[in-house]
Protein chains: 2
Amino acid sequence: MEAKESLKTHIAKTASLTDDEFDHFFSHFKSRRFQKGQFIISGGDIVDSEYFVVAGCLKSFFINDDMKMFILQFAMPTWWASDYNALYNHTKATINVDCITDAEVLCLSNDDREKICSELHQVEHFFRWRTNKGYVAAQKRLLSFMNNNVKYRYEELLKLYPELHDTVGKNLIAAYLGVSRETLSRL
Amino acid sequence: MEAKESLKTHIAKTASLTDDEFDHFFSHFKSRRFQKGQFIISGGDIVDSEYFVVAGCLKSFFINDDMKMFILQFAMPTWWASDYNALYNHTKATINVDCITDAEVLCLSNDDREKICSELHQVEHFFRWRTNKGYVAAQKRLLSFMNNNVKYRYEELLKLYPELHDTVGKNLIAAYLGVSRETLSRL
DNA sequence: ACGGATGTGTGACCTACATCACTTTCGAAA
DNA sequence: TTTCGAAAGTGATGTAGGTCACACATCCGT
């Protein structure tokens with residue numbers, strides 16, 4: 001699907017915008033293409049935008065002092081990604097975002113988001129709703145982390161996102177689950 | 001501080017409401033008092049409200065099949081609590097909310113929140129911003145979970161919320177950190 | 001002041017997962 | 001087809017934290 005169509009369908013699920021309003025909204029996005037392995041945000045960057053995935057697959061992740069990687073989120077088409085902590089608090093990135101596959105994204109700056117949110121009530125509504133979904137998902141994941149062992153969480157993940165199995169390697173799945181790739185390999 | 005004042009100050013940090021607008025907003029809240037140990041939401045309930053804490057301390061928590069408790073959140077004054085998953089998706093509660101101390105809360109129904117959000121753009125703005133904060137905090141906690149050991153997370157928690165040390169017992173702290181009370185006891 | 005919850009410390013073990021080291025598989029480039 | 005590098009499996013061993021059991025403390029209602 002074309003980028004504009006993809007975003008329009010995505011928004012329409014929670015906000016009612018006229019065509020003119022959507023066009024205005026859309027005019028603030030910049031389309032960008034990245035190649036597999038390219039970084040969109042790397043630690044230390046100033047973060048001023050968030051990214052709507054049109055095609056491909058991104059990951060947002062943290063690297064600790066021992067160079068161990070923890071994946072916060074995979075971002076497939078119609079998902080959003082950024083370092084939201086850095087974005088909202090105007091601090092430097094501690095989270096990286098890069099491309100698992102070649103990707104096409106729509107880029108929206110923080111300033112523009114705030115501007116359109118105040119111009120169009122329905123856009124603010126959309127972003128509230130989107131963050132709600134993310135918040136609930138994060139809480140669920142936290143609970144699953146505390147409550148379930150790796151095997152269960154692995155099966156849960158594959159059930160929730162079957163497409164991951166083909167797109168991302170097991171080392172990345174392990175980094176998402178917060179275990180070593182060896183442990184994952186032993187099921 | 002009086003309930004109305006407390007909410008007004010809290011909202012004013014992110015949204016500009018006239019006094020009339022705030023009064024309209026406030027008119028949808030119901031004040032309720034609970035005693036230490038009382039449940040505000042218990043698993044299986046229909047959840048139709050969220051709660052703004054005026055005084056006291058709540059916890060939201062999950063009980064698994066082995067009757068083990070995991071605390072999602074402590075809610076001190078000016079914090080909000082509910083089973084947001086159940087609230088937004090109109091499903092039955094899987095999360096409990098109860099009172100660690102006697103508590104006074106302001107209760108807002110889901111329907112009323114959506115109504116005021118659509119009536120007052122600034123109220124929608126406030127709730128977007130509030131959820132953003134929660135989302136970022138949940139992601140940070142998730143990362144800390146994957147990255148840090150219990151001791152570090154315990155110190156981090158006490159640094160972030162020193163007031164917890166006096167209000168809640170170590171068994172509850174352990175349930176928040178996702179470890180056994182014995183392990184916490186051994187520092 | 002008593003007795004029973006409820007919280008907290010501690011010892012002896014157990015287990016899930018980490019770590020390190022090595023091997024095998026597989027896919028893409030030459 | 002060969003070669004090379006990355007991804008994936010596997011064995012041996014270490015360790016953080018879990019579990020069970022019991023000992024003290026408190027706190028609170030009668």
Side-chain angles (χ1 to χ4, degrees), chain A residues 35-39 57 59 61-71 74 98-102 141-158 161-187, chain B residues 34-39 56-59 61-71 74 96 98-102 141-158 163-187:
Chain A
Q35 289 183 311
K36 175 174 177 171
Q38 247 189 302
F39 274 67
C57 182
K59 66 176 190 285
F61 60 103
F62 174 76
I63 304 284
N64 77 0
D65 298 341
D66 305 333
M67 299 301 286
K68 223 168 120 175
M69 172 178 70
F70 300 96
I71 294 181
F74 295 109
D98 77 0
C99 300
I100 293 176
T101 65
D102 289 359
R141 188 168 165 208
L142 204 44
L143 264 187
S144 186
F145 230 97
M146 297 200 263
N147 197 12
N148 305 124
N149 63 17
V150 182
K151 191 178 179 192
Y152 187 90
R153 269 152 47 218
Y154 180 51
E155 287 159 3
E156 190 181 47
L157 178 67
L158 289 185
Y161 309 108
E163 65 269 39
L164 282 183
H165 193 265
D166 312 317
T167 319
V168 318
K170 300 222 168 147
N171 50 344
L172 295 187
I173 303 272
Y176 181 90
L177 296 173
V179 293
S180 68
R181 53 159 212 87
E182 292 95 328
T183 297
L184 186 66
S185 167
R186 297 184 240 258
L187 268 178
Chain B
F34 294 92
Q35 288 183 311
K36 174 174 177 170
Q38 246 188 304
F39 275 68
C57 181
L58 317 181
K59 67 176 190 283
F61 60 103
F62 174 77
I63 304 283
N64 76 2
D65 299 340
D66 305 334
M67 299 301 286
K68 221 167 123 176
M69 173 178 69
F70 300 97
I71 294 181
F74 296 109
N96 309 277
D98 76 1
C99 300
I100 293 176
T101 66
D102 288 359
R141 189 169 165 207
L142 204 45
L143 264 186
S144 185
F145 229 97
M146 296 200 265
N147 198 10
N148 305 125
N149 63 18
V150 181
K151 190 176 181 193
Y152 186 91
R153 268 152 48 217
Y154 180 52
E155 287 159 3
E156 190 181 48
L157 177 68
L158 288 186
E163 66 269 38
L164 282 183
H165 193 265
D166 312 317
T167 319
V168 317
K170 299 220 169 151
N171 49 345
L172 294 187
I173 303 273
Y176 180 90
L177 296 173
V179 294
S180 69
R181 53 159 209 88
E182 291 95 328
T183 297
L184 186 67
S185 168
R186 297 183 240 259
L187 268 180

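Being a predicted model, the structure only gives us computed values, none of them experimental. Here is the naming used below: chain letters follow the sequence lines, and residue numbers restart at 1 for every chain.
In summary, the aromatic rings of A:Tyr176 and A:Phe74 are positioned with their centroids under 6.0 Å apart.
From A:Asn147, atom CG reaches atom CZ of B:Phe70 across 4.5 Å, with rounding to the nearest 0.5 Å. Rounding to the nearest 0.5 angstrom, the gap separating the CG atom in B:Asp102 from the CZ atom in B:Phe34 is 11.5 Å. From A:Lys170, atom NZ reaches atom CG of A:Leu164 across 13.0 Å, with rounding to the nearest 0.5 Å. How far CE of B:Met69 is from CG of B:Leu172: 5.0 Å, rounded to the nearest 0.5 Å. Within the model, atoms CZ of A:Phe61 and CD1 of A:Ile71 stand 7.5 Å from one another, a figure rounded to the nearest 0.5 Å. Here the CG-OG distance, from B:Asn149 to B:Ser144, works out to 9.0 Å after rounding to the nearest 0.5 Å.
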Side-chain donor-acceptor pairs under 3.5 Å in residues 178-187 of chain B, sequence neighbours left out?
{"from": "B:Ser180", "atom 1": "OG", "to": "B:Thr183", "atom 2": "N", "distance (Å)": "3.2"}
{"from": "B:Ser180", "atom 1": "OG", "to": "B:Thr183", "atom 2": "OG1", "distance (Å)": "3.0"}

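For A:Thr183, no side-chain nitrogen or oxygen approaches OP1 or OP2 of C:dC17 to under 4.0 Å. Contact annotation: B:Lys68 side-chain N/O to D:dG18 OP1/OP2 distance is not under 4.0 Å.
One atom, CG of B:Asn64, and another, P of D:dG18, lie 13 Å apart when rounded to the nearest Å. The CG-C1' distance, from A:Leu187 to C:dC17, rounds to 14 Å in whole Å. Atom-to-atom, OH of A:Tyr152 to C1' of C:dC17 comes out at 20 Å; the value is rounded to the nearest Å. Per the geometry, CG belonging to A:Asn147 stands 18 Å off P belonging to D:dG17, to the nearest Å. Across the protein-nucleic acid pair, A:Asn148 atom CG and C:dC17 atom P stand 11 Å apart, rounded to whole Å. Taking atom OH of A:Tyr154 as the reference point, atom P of C:dC17 lies 15 Å away to the nearest angstrom. With rounding to whole Å, B:Leu184 atom CG is found 14 Å from C:dG7 atom P. C:dG7 atom P lies 11 Å from atom CD1 of B:Ile100, rounded to whole Å.
Contacts between residues 162-180 of chain A and DNA chain C, counted as heavy-atom distances below 4.0 Å, involve A:Gly178, A:Val179, A:Ser180.
Note on A:Lys151: nothing from the nucleic acid sits closer than 4.0 angstrom, heavy atoms only.
Defining each end axis of the helix from C:dA1-D:dT30 to C:dA30-D:dT1 as the rotation carrying four pairs' C1' atoms onto the next four, with five pairs an end, the two axes are found to diverge by 40° to 10 degrees.
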List, with names and distances, any nitrogen or oxygen atoms from the protein found under 3.5 Å away from nitrogen or oxygen atoms belonging to nucleotides 23-30 of chain D.
none

Identify the pairs formed between an N or O of the protein and an N or O of nucleotides 11-16 of chain C at a distance under 3.5 Å, and give each distance.
{"from": "C:dG11", "atom 1": "N7", "to": "B:Arg186", "atom 2": "NH1", "distance (Å)": "2.6"}
{"from": "C:dG11", "atom 1": "O6", "to": "B:Arg186", "atom 2": "NH2", "distance (Å)": "2.9"}
{"from": "C:dA12", "atom 1": "N6", "to": "B:Arg186", "atom 2": "NH2", "distance (Å)": "3.4"}

Tell me, for nucleotides 25-30 of chain C in 5' to 3' order, what letter each nucleotide earns: B for a base near a protein heavy atom under 4.0 Å, S for only sugar-phosphate near one, - for neither? ------
